[in-house]
2 protein chains.
Amino acid sequence: MIFSINQDVLLDTLNVVQRGLPVKTPLPILNGIKLEVFEDKLIFTTSNTDIAIQTVVEDESLEVTSPGRVVIPGKYLIDIVRKIASSRIELTLIENKILVIKADRSEFKLHVMEVEDYPDVDFLDSVAPLTLDAKTLKAIIKETNYATSVYEKRPILTGVNFKHEDEKLYCVATDSYRLSQKVIELSSEVDPFNIVIPNRSLDELSRILDSLNEDVQVFINPNKVLFKFRNIMYQTRLLDGVYPDTLRIIPTEFPIVIKFNKEELLKSVERVSLLSPRDKENNYNIIKLNVRPDYIVEISSTNNEIGDALEEIIPTDDVVGPMIKIAFSSKYLTEALKAFTSNEITLNFAGEIKPFVIKGDLDPDMLHLILPVRIE
Amino acid sequence: MIFSINQDVLLDTLNVVQRGLPVKTPLPILNGIKLEVFEDKLIFTTSNTDIAIQTVVEDESLEVTSPGRVVIPGKYLIDIVRKIASSRIELTLIENKILVIKADRSEFKLHVMEVEDYPDVDFLDSVAPLTLDAKTLKAIIKETNYATSVYEKRPILTGVNFKHEDEKLYCVATDSYRLSQKVIELSSEVDPFNIVIPNRSLDELSRILDSLNEDVQVFINPNKVLFKFRNIMYQTRLLDGVYPDTLRIIPTEFPIVIKFNKEELLKSVERVSLLSPRDKENNYNIIKLNVRPDYIVEISSTNNEIGDALEEIIPTDDVVGPMIKIAFSSKYLTEALKAFTSNEITLNFAGEIKPFVIKGDLDPDMLHLILPVRIE
């Protein structure tokens with residue numbers, strides 16, 4: 001196996017497939033990147049218990065002298081290619097044991113792993129795919145993934161629910177204290193599905209999609225989902241179990257609606273949180289929101305040890321409905337606000353002990369819900 | 001106690017005195033910032049077991065309604081002032097118990113600490129000072145402090161030695177494996193001294209000096225040294241004990257001298273270090289340097305588990321002296337190289353098992369020494 005290629009092309013590919021390397025694994029071979037060299041292309045594969053990634057490189061800078069297959073210690077290969085100053089890199093496999101990496105006046109010799117030991121990875125792209133553009137997919141992940149649970153107590157909640165029915169794609173995440181929902185219109189002919197994708201798999205996918213702006217084909221399989229775009233195949237396992245029916249916990253009638261400038265509300269909440277006491281159960285800061293008779297909104301916190309904080313905010317529109325006093329986690333509100341692109345957002349209250357809903361003028365397909373906590 | 005002041009002035013001052021707050025302390029009062037309000041100025045004081053800081057604020061934005069004294073929980077005060085959006089802040093002390101911080105539509109009430117409990121701090125500025133400009137002082141810290149020991153085995157080595165004799169200031173740091181020395185000409189009339197300043201105190205001082213470009217007065221006292229500049233007094237304890245006489249371990253004859261482009265050498269060393277094995281004792285990567293008969297220099301590493309790395313570098317000038325093969329910690333060489341401003345540096349070898357010395361064309365007052373390790 002001998003080939004040479006431009007350093008930047010190789011590095012771009014390695015930056016993608018490295019996301020498939022395990023953090024820790026009982027199977028050392030998975031710390032390697034599988035490389036298959038053909039006359040006209042390279043195929044890189046990585047996999048761990050959650051995800052598998054494959055990229056095909058057919059760059060014009062590629063010059064293959066002889067084909068071959070090898071598994072290369074992933075971390076070291078990436079470190080080396082990243083640090084190389086030369087624009088051109090040559091890789092040569094000697095006796096299936098040593099990979100020689102040459103670039104300008106640098107020469108590295110890496111002990112390689114046994115290619116026959118690398119497990120087979122099937123990328124399942126035979127079903128009819130759903131097509132989403134990368135921008136929409138990134139938006140879904142950004143706007144839902146943070147609301148998934150970090151605790152493994154209810155594993156199903158550590159993923160985002162993607163449900164396709166009635167020509168709509170419902171994307172929902174909840175940790176049972178707050179919820180985020182994005183609904184996309186789908187004109188696709190794809191069969192209905194109801195799957196849950198692990199939050200870490202979506203994080204990694206989002207990073208790979210980062211600078212992309214093209215169509216992504218999504219292949220839904222019984223236990224796996226495959227995202228195919230550009231020269232990349234990204235496959236993740238799905239979470240087992242039934243996702244809770246969240247639609248029925250979202251209130252539909254809101255007697256009190258208050259409109260805010262998002263940045264102003266965000267800054268006030270952040271300041272008040274500086275002194276707010278921590279909730280015992282989940283360690284989040286609890287703050288209070290109070291609509292005064294003069295329709296100025298007070299955000300406040302009380303901490304017996306440290307002191308008190310109070311902010312006044314003038315809503316950007318007339319307040320609809322009666323007075324209200326409600327307490328909740330400031331972390332939930334700040335995270336929700338940051339997910340909105342709108343500058344103007346509304347808080348929609350169904351009652352002092354009922355979940356409240358955040359909506360944004362420019363985000364009609366999005367809805368965030370937060371459960372209040374009882375005060376006193 | 002009532003006064004108001006511009007937010008940026010208050011924040012600048014807090015950013016300085018916060019460096020005197022303890023990370024951990026058995027004395028809770030030290031978590032507070034002592035504030036004394038006079039008719040025409042504010043005095044802020046912080047202190048911990050190592051350092052004490054005092055700043056005097058006489059800004060024209062200061063408006064004092066009534067004087068007073070208070071100790072305010074430091075972390076909370078800084079967090080609040082940092083987050084405030086208003087340009088103007090008003091502080092009012094109520095019944096010596098509650099500090100009210102008002103800014104625009106924000107209001108914070110902090111429980112304060114007992115001002116009588118705050119320990120007295122003497123800032124010792126009665127001896128004749130030495131004067132250094134801030135730029136030189138920052139350079140001394142940058143070029144020596146990293147070479148101090150991080151282990152407490154020999155506490156005296158965790159500081160930088162400042163020795164004044166024969167109209168020269170010798171600044172030396174060593175962890176007994178490498179050494180950095182900077183020598184400054186002093187025309188000052190100050191008496192000879194020989195002190196050791198803790199590395200952490202120098203780190204904090206360096207951060208405060210960051211954007212300054214003025215003279216710093218240095219008051220050397222028996223157990224303390226005080227740095228006085230602008231409106232700031234920064235005092236640190238000294239380390240007890242006798243600093244080793246390092247001058248005698250620095251070789252003076254160098255049969256082999258090799259000149260390099262600093263960046264080229266640095267990048268090569270960084271690449272070779274990617275595969276280099278770790279030294280058991282201190283966990284640093286060991287690399288080899290070898291001058292070939294054709295006067296090309298090889299930097300290399302051998303790692304039985306991972307593989308080998310080899311770099312060739314062409315010296316930027318004729319190599320003087322015989323061949324040499326020497327091994328050392330790559331961390332020591334990269335840290336030393338980064339301390340130089342020169343683009344051209346020389347490695348000066350006294351022999352394969354003797355310390356070697358690094359010098360820079362543009363850094364005539366600086367010298368770095370590294371102890372080699374034995375190979376095979």
Side-chain angles (χ1 to χ4, degrees), chain A residues 28 31-32 72-86 94 97-113 261 263-276 296-314, chain B residues 28 31-32 72-86 94 97-113 261 263-276 296-314:
Chain A
N31 291 316
I72 312 164
K75 179 190 166 307
Y76 290 101
L77 178 65
I78 292 164
D79 283 351
I80 290 168
V81 173
R82 194 170 283 155
K83 287 268 187 192
I84 273 173
S86 158
I94 297 175
K97 283 193 175 154
I98 302 283
L99 180 75
V100 180
I101 305 169
K102 272 193 195 166
D104 202 11
R105 289 184 168 272
S106 310
E107 183 179 295
F108 298 87
K109 289 179 184 157
L110 281 182
H111 301 299
V112 299
M113 297 147 108
N261 174 285
E263 278 305 307
E264 206 182 328
L265 180 59
L266 193 56
K267 296 287 177 220
S268 288
V269 169
E270 283 177 352
R271 279 193 294 268
V272 165
S273 308
L274 293 175
L275 302 193
S276 61
I296 287 177
V297 175
E298 286 182 354
I299 313 265
S300 64
S301 70
T302 309
N303 187 324
N304 293 335
E305 280 178 41
I306 312 299
D308 306 335
L310 175 70
E311 295 270 338
E312 293 177 353
I313 314 183
I314 301 168
Chain B
N31 292 316
I72 313 164
K75 180 190 165 305
Y76 290 102
L77 177 65
I78 293 164
D79 283 351
I80 289 167
V81 173
R82 196 170 281 154
K83 287 268 187 194
I84 273 173
S86 158
I94 297 175
K97 281 192 177 156
I98 301 282
L99 180 76
V100 180
I101 305 169
K102 272 192 194 163
D104 203 11
R105 289 183 169 274
S106 310
E107 184 179 294
F108 298 88
K109 289 178 184 158
L110 280 182
H111 301 299
V112 299
M113 298 146 108
N261 174 285
E263 276 307 307
E264 206 183 325
L265 179 59
L266 194 55
K267 297 287 176 220
S268 287
V269 168
E270 283 176 353
R271 281 193 293 269
V272 165
S273 309
L274 293 174
L275 302 192
S276 61
I296 286 177
V297 175
E298 286 181 356
I299 314 264
S300 64
S301 71
T302 309
N303 188 323
N304 293 334
E305 281 177 42
I306 311 300
D308 307 333
L310 175 70
E311 294 270 338
E312 293 176 352
I313 313 182
I314 302 168

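The shown structure was predicted, so the numbers you read here are calculated from the model rather than taken from an experiment. First the proteins, then the strands, lettered A, B, ... as listed; each starts at 1.
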Between [options], which has the largest tally of heavy atom pairs under 4.5 Å with chain A?
options                  : value
L310(B), I306(B), I98(B) : I306(B)
I101(B), D79(B), V112(B) : D79(B)
P73(B), S301(B), G307(B) : G307(B)

Contact class of I296(A) relative to chain B, heavy atoms under 4.5 angstrom: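 Side chain of I296(A) only, per the 4.5 Å heavy-atom cut-off to chain B.
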Interchain contact, I314(A) with chain B, by part (heavy-atom threshold 4.5 Å):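 Only the side chain of I314(A) comes within 4.5 Å of chain B.
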So how far is it from [X] [atom1] to [Y] [atom2], rounded to the nearest 0.5 Å?
X       : Y       : atom1 : atom2 : result
E311(A) : D104(B) : CD    : CG    : 8.5 Å
L77(B)  : L274(A) : CG    : CG    : 11.0 Å
T302(A) : K109(B) : OG1   : NZ    : 9.5 Å

Nearest heavy atoms of N304(B) and H111(A), plus distance in Å: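 That closest heavy-atom pairing would be O-NE2, 3.2 Å.
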R271(B) versus S106(A), closest heavy-atom pair with distance: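 Taking every non-hydrogen atom into account, NE-OG, 3.2 Å.
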Residue selection (most heavy-atom pairs with chain B, distance under 4.5 Å) from K75(A), K267(A), E305(A):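 With the most close heavy-atom pairs to chain B, the winner is E305(A).
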Steps toward side chain to side chain contact (heavy atoms under 4.5 Å, CB included) verdict (I80(A), L275(B)): CA-CA 9 Å; I80(A) 290 168; L275(B) 302 192; 4.1 Å; yes
